[in-house]
Amino acid sequence: MSTASKKINPPKVGVVSLGCPKALVDSERIMTRLRAEGYVFSPTHEDADVVLVNTCGFIDSAREESLTAIGDAMAENGKVIVTGCLGAEPEKIRERHPNVLAITGPHKYEEVLAAVHEAVPPVHEPFIDLVPEQGLKLTPRHYAYLKISEGCNNRCTFCIIPKLRGDLVSRPIHHVMTEAQQLAKAGVKEILIISQDTSAYGVDVKYAEYPWQGKKRKTKFYDMCEALGELGIWVRLHYVYPYPHVDEAIHLMAEGKILPYLDIPLQHASPNVLKAMKRPAAQEKTLERIKKWRDICPELTIRSTFIVGFPGETKEDFEFLLNWLDEAQLDRVGCFKYENVENATSRDLPNHVPEDVKQERYERFMEKQQVISAARLQLKIGKTLNVLIDEIDEDGMTGRSYADAPEIDGNVFLNVTDGVKVGDIVKARIIDADEYDLWGTTEI
Ligand code: SF4
């Protein structure tokens, strides 16, 4: 028998990954396990033996997108397994797509694998060396998301994530650091730390201590930032709430150990609305804290998101928010109009805001913030920044500075420079700016 006739075609799985970076990390974990078992991935639904759809259920528009993606996979393939946040509500999926093969909730890796095995059995024994040490990444090779915990202990009234994903479960510090080190060794230049509440990391395990690189480290926000800062690559923190203990990490930023960047989802500024939202750290004096942080680390970039039109938000609450924005001078801001998500406690709050008022507040909010963001970016003109290159084509190079997270923030556009590759960090002099992006010339 010839070698060719012995060849077995590996089973092919199509993967659709929707939703936030946390869902992306789940997809990466599932794909890493499947690859280890000999499965390969199909770029099209038609060519796949089965399609796996990792869904998002955060807001109604995300649910609709998920249901449409399942419908597309059913139409183009017919063998579909659904996982992720929307999978926590199987009846919603079955209502629209009664013939999906299996539905599992978020983080049910074993159940997803079992469903794939049943639909398309693996053809040979696992051989782990097929999988790169750092696992498979859906993001470009030079940056990667690192999930440090699952779930959340908070109970924000507009959010159903704790209902879908349960309470906080932190990964032990040495597990997080092992993954971070493997990513760095594999050539990753930027790690983005994600969770639902990064500053609460380790609370659930009482900050359990483990040795790492000859030193005892706690499963705790500061210890993690310190250890990550020793890797010599960019470390960017997302979903950090402004608790007092965050101050310590700002010193690490000032010392250049981790990127001077904080993504703090503040959602509102008016004490009445924050209370109705039951936001973590709502009682903290956030403006004072931000001022203190900027004193410690003047180049700190702060990104945040806000919700306008929350039930009970009065004209005064909204004006308070606009004035707060003026004072806070945040660098990057996203805004959502409140959505009445099914099963969220906020549905039952009184005084819902009419849609036209929400729209009007949204527009006023964005107008205000765009002026602030544009002014803050203007301050960068004339400065020299390190820029991590994401893309190169004939028109130029697109990259990001420490102040820009991938996908959600702006870019730095540069001239094409000989010898520079995607994933390189170059020095660039900033020559122009608008309200989102910067333009510069390389200095190498
Ligand atoms: S902090 Fe609030 S908004 Fe964020 S996941 Fe937890 S409950 Fe939801």
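We count ligands from 1, going down the list as the structure has it; atoms in each ligand are counted the same way. Not measured: the values here are computed from a predicted model.
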- Taking only Lys NZ, Arg NE, NH1 and NH2, and the carboxylate oxygens of Asp or Glu, determine whether Lys358 and Glu339 approach each other closer than 4.0 Å. no
Only one of Pro280, Pro162, Cys159 passes side-chain contact (heavy atoms from CB on, under 4.5 Å) with Asn154, and that residue is Pro280
Counting from 1 in the order shown, the ligand 1 atoms closer than 4.0 Å to a non-hydrogen atom of Arg279 are 2 (Fe), 3 (S)
To atom 8 (Fe) of ligand 1, the nearest of Gly151, Cys152, Cys159 on a heavy-atom basis is Cys159
Note: Asp197, heavy atoms under 4.0 Å from ligand 1, region reported as neither
- [ ] Please confirm whether Gln267 comes under 4.0 Å of ligand 1, counting heavy atoms of the residue only.
- [x] no
Under 4.0 Å between heavy atoms, the region of Pro265 that gets near ligand 1 turns out to be neither
Per ring pair (Phe, Tyr, Trp, His ring centres under 6.0 Å), Phe365 is matched among Phe318, Trp324, Phe306 by Phe306
- Query: Do Glu355 and Gln359 meet the criterion of a side-chain donor-acceptor pair at a distance under 3.5 Å?
  - Reply: no
**Asked** Any luck finding a side-chain donor-acceptor pair between Asp390 and Thr398 under 3.5 Å?
**Response** no
Return yes if a side-chain donor-acceptor contact under 3.5 Å exists between Thr55 and Ser66, otherwise no.
no
Quiz item: Do the side-chain N and O atoms of Tyr436 and Asp434 include a donor-acceptor pair separated by under 3.5 angstrom?
Solution: no
- request: Specify whether an N/O/S atom of Cys156 falls short of 2.8 Å from atom 2 (Fe) of ligand 1.
  value: yes
For Pro162, the ligand 1 atoms with a heavy-atom partner under 4.0 Å come out as 7 (S)
Nearest non-hydrogen protein atom to atom 5 (S) of ligand 1, with distance, is Gln196 OE1, 3.5 Å
among protein heavy atoms, the one nearest atom 4 (Fe) of ligand 1 is Tyr241 OH, 3.4 Å
Tyr239 heavy atom under 4.0 Å from ligand 1: no
